[in-house]
Protein chains: 2
Amino acid sequence: MSTAHSLATEELGSSAQRERRKRILDATIDLASQGGFDAVQMRAVADQAEVALGTLYRYFPSKIHLLVSALGREFEKTESALRERQLTGQTPAERVIEVLKLTSRGLQGDPHLTEALTRAFMFADSSVQTEINQVGMYMTSMVTRAMHPGRTEFDDQDVAIARVIGDVWLSALMGWVTGRSTAAETGQQIEVAVKLLLRD
Amino acid sequence: MSTAHSLATEELGSSAQRERRKRILDATIDLASQGGFDAVQMRAVADQAEVALGTLYRYFPSKIHLLVSALGREFEKTESALRERQLTGQTPAERVIEVLKLTSRGLQGDPHLTEALTRAFMFADSSVQTEINQVGMYMTSMVTRAMHPGRTEFDDQDVAIARVIGDVWLSALMGWVTGRSTAAETGQQIEVAVKLLLRD
DNA sequence: TCCATAATAGGAACACGTTTCACTTCTTCG
DNA sequence: CGAAGAAGTGAAACGTGTTCCTATTATGGA
């Protein structure tokens, strides 16, 4: 434990363990990026990360845990990238749409990866609650911050709206990763929802 | 539509084939109802429906197709039951909430079945598009009809709102079947969204 | 009725997530 | 340092979705 403190969600462990964990998640992202959900095969991940299959399962108790953890790491990056970006939209609706478009574009730039991570998220049950909640918080945080830049506290109505937007976003993404709608339709769908919800 | 013609989504076939198909779907619903998604094992379905495994796969090319087809049959029943029911709500929002509560209550009365069907729906890819679209149409139809009872044509705004509500409903259901939220929270979540969307 | 063809039965075999186990290599601490 | 326990390795084995194959049975037209 080199540095001062650790968040509740951070795992402790030796540097060798942190290194292994990183290698595993890197391999996961890499395989997902190449061939999507089906290409993330546990034996392949273990091989590419240069750990034994049993070790992989010691770090991540299932394929779903593995992929949702990877999603968490990706969302963390996205959220911190967004924090540094100045939004240009004039209204809450415009800014929210801007944020969602940026995020979606990032995802749609890597369809296989998106498919793998979204599928895992949708399939995750309560045993993955910790990782899931983390992703949900990033999402809500990104939307509420877009609604009211600079503010740090948000009232119930704002959070409720952000949640609904998150739901629509997930459904739209689901439609896209499962090939039921195009990227354009997905964007449209989200835009309509945001305008309906933030129309005052 | 007894004998004269058939819709595009209806399969033709001899009465023996229709009978087998029904037995398979019945077995599917039964097993799902008892033990959820995991209990719907293809060998078990085949056994209970008294068909060979190969025959099961001839009728439904995958477990997902099988379950989404079963969902379609259930939704058909729900939708026609709702058609005959007189809604008591005074406003569109109240009526939509009424319809969704009724539907949700039906689902939550059989948690295992709901879990199985919802999971399958979420996991379905574009190869199941036909069945998926059918389910989506039932959903949109139920919501728009609740918004404007008696009306048969709906403008774009109404349909857009119905779609957003459907998205929230699916996300909420997902949270519930995966054990991430309670039935009460799910109902609350949907109610908030409907009130936000139909607040004028 | 009889034959060609499609449909079904029955079951082996394969793929991949997951579990298990015996053995080896670290890590830690007295 | 040396020993105990934790972590990692490598491989076998199991469960379930899916595929494949051969023999048998229905079906429908000449």
Side-chain angles (χ1 to χ4, degrees), chain A residues 1-2 11-25 27-28 31-32 34-70 112 115-117 119-125 127-128, chain B residues 11-25 27-28 31-32 34-70 112 115-117 119-125 127-128:
Chain A
M1 183 55 35
S2 53
E11 288 296 326
L12 305 175
S14 70
S15 90
Q17 284 172 330
R18 260 179 284 124
E19 169 56 27
R20 268 200 188 83
R21 188 184 158 88
K22 177 177 183 316
R23 281 211 312 275
I24 291 172
L25 288 176
T28 302
L31 288 166
Q34 289 176 234
F37 189 88
D38 290 342
V40 182
Q41 298 183 0
M42 299 304 269
R43 290 172 179 86
V45 172
D47 279 358
Q48 185 161 330
E50 296 184 287
V51 298
L53 190 55
T55 306
L56 172 53
Y57 273 93
R58 168 183 292 273
Y59 280 77
F60 300 95
S62 77
K63 176 169 172 172
I64 298 294
H65 280 82
L66 174 59
L67 281 167
V68 176
S69 297
H112 285 146
E115 184 251 5
L117 300 182
R119 277 229 147 100
F121 187 84
M122 294 185 315
F123 215 66
D125 65 12
S127 72
V128 203
Chain B
E11 288 297 326
L12 304 175
S14 69
S15 89
Q17 284 172 331
R18 260 178 282 123
E19 169 57 26
R20 270 201 186 84
R21 189 185 156 88
K22 176 178 183 316
R23 281 210 314 274
I24 291 172
L25 289 176
T28 303
L31 288 166
Q34 288 176 235
F37 190 87
D38 290 341
V40 181
Q41 299 184 358
M42 299 305 266
R43 289 171 180 84
V45 172
D47 279 359
Q48 186 161 331
E50 297 184 287
V51 298
L53 189 55
T55 305
L56 172 52
Y57 273 93
R58 166 183 293 271
Y59 279 77
F60 300 94
S62 77
K63 175 169 172 172
I64 298 293
H65 281 82
L66 174 60
L67 282 166
V68 176
S69 297
H112 284 146
E115 185 251 5
L117 300 182
R119 278 227 144 101
F121 187 83
M122 294 185 315
F123 216 66
D125 66 12
S127 72
V128 202

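All values derive from a computational prediction rather than experimental measurement.
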Atom-to-atom span, [atom1] of [X] to [atom2] of [N] - whole angstrom:
{"X": "A/H65", "N": "C/dT18", "atom1": "NE2", "atom2": "P", "result": "10 Å"}
{"X": "B/D38", "N": "D/dG17", "atom1": "CG", "atom2": "C1'", "result": "12 Å"}
{"X": "B/M42", "N": "C/dC14", "atom1": "CE", "atom2": "P", "result": "21 Å"}
{"X": "A/R18", "N": "C/dT27", "atom1": "CZ", "atom2": "P", "result": "13 Å"}
{"X": "A/L56", "N": "C/dT19", "atom1": "CG", "atom2": "C1'", "result": "13 Å"}
{"X": "A/Q17", "N": "C/dT28", "atom1": "CD", "atom2": "P", "result": "9 Å"}
{"X": "A/E19", "N": "D/dG8", "atom1": "CD", "atom2": "P", "result": "12 Å"}
{"X": "A/F37", "N": "D/dG17", "atom1": "CZ", "atom2": "P", "result": "15 Å"}

Looking at the side chain of [X], which of [options] is the nearest nucleotide?
{"X": "B/S62", "options": "D/dG8, C/dA9, D/dT18", "answer": "D/dT18"}
{"X": "A/Q41", "options": "D/dT16, C/dG17, C/dA9", "answer": "C/dG17"}
{"X": "A/Y57", "options": "C/dT19, D/dT19, C/dT8", "answer": "C/dT19"}
{"X": "B/A16", "options": "D/dT27, C/dT8, D/dT9", "answer": "D/dT27"}
{"X": "B/A52", "options": "D/dT19, C/dG10, C/dT19", "answer": "C/dG10"}
{"X": "A/R58", "options": "D/dT16, D/dG8, D/dT9", "answer": "D/dG8"}

Revision key, fill the gap. By nearest-nucleotide position on DNA chain C, the 5'-leaning member of A/G54 and B/L53 is B/L53
Exercise for review: Let me know, please, whether B/R43 or B/R23 comes out on the 5' side of the other along DNA chain C by nearest nucleotide.
Suggested key: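 The answer here is B/R23.
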Practice item. Can you spot which of A/R23, A/R21, A/K22 makes a salt bridge (charged side-chain N to carboxylate O under 4.0 Å, His left out) with A/E19? Key: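 Only match with A/E19 under salt bridge (charged side-chain N to carboxylate O under 4.0 Å, His left out): A/R23.
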Point to revise | Residue mapping more 5' on DNA chain D - nearest nucleotide basis, A/T55 or B/K63 | key: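 Going by which nucleotide is closer to the 5' end, it is A/T55.
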Point to revise | Over-ring placement of B/K63 relative to B/F37, 6.0 Å and 45° cut-offs | key: yes
Practice item. Identify whether any heavy atom of B/V45 sits under 4.0 Å from a base atom; if not, whether one sits that close to sugar-phosphate; answer base, sugar-phosphate or nothing. Key: nothing
Review point. Quick one: is B/Y59 getting a side-chain N or O under 4.0 Å of the C/dA7 phosphate, OP1 or OP2?
Key: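 B/Y59 to C/dA7 OP1/OP2: no side-chain N or O under 4.0 Å.
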Check your understanding: Which heavy-atom pair separates B/A116 from B/G36 by the least distance, and what is that distance?
Key ->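 Scanning both residues completely, I find the closest heavy atoms to be CB-C, 3.8 Å.
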Point to revise | Considering all heavy atoms, the nearest B/F60-B/L25 contact | key: CZ-CD2, 3.8 Å
Review point. Does B/Q34 reach the side chain of B/H112, with side-chain heavy atoms less than 4.5 Å apart?
Key: no
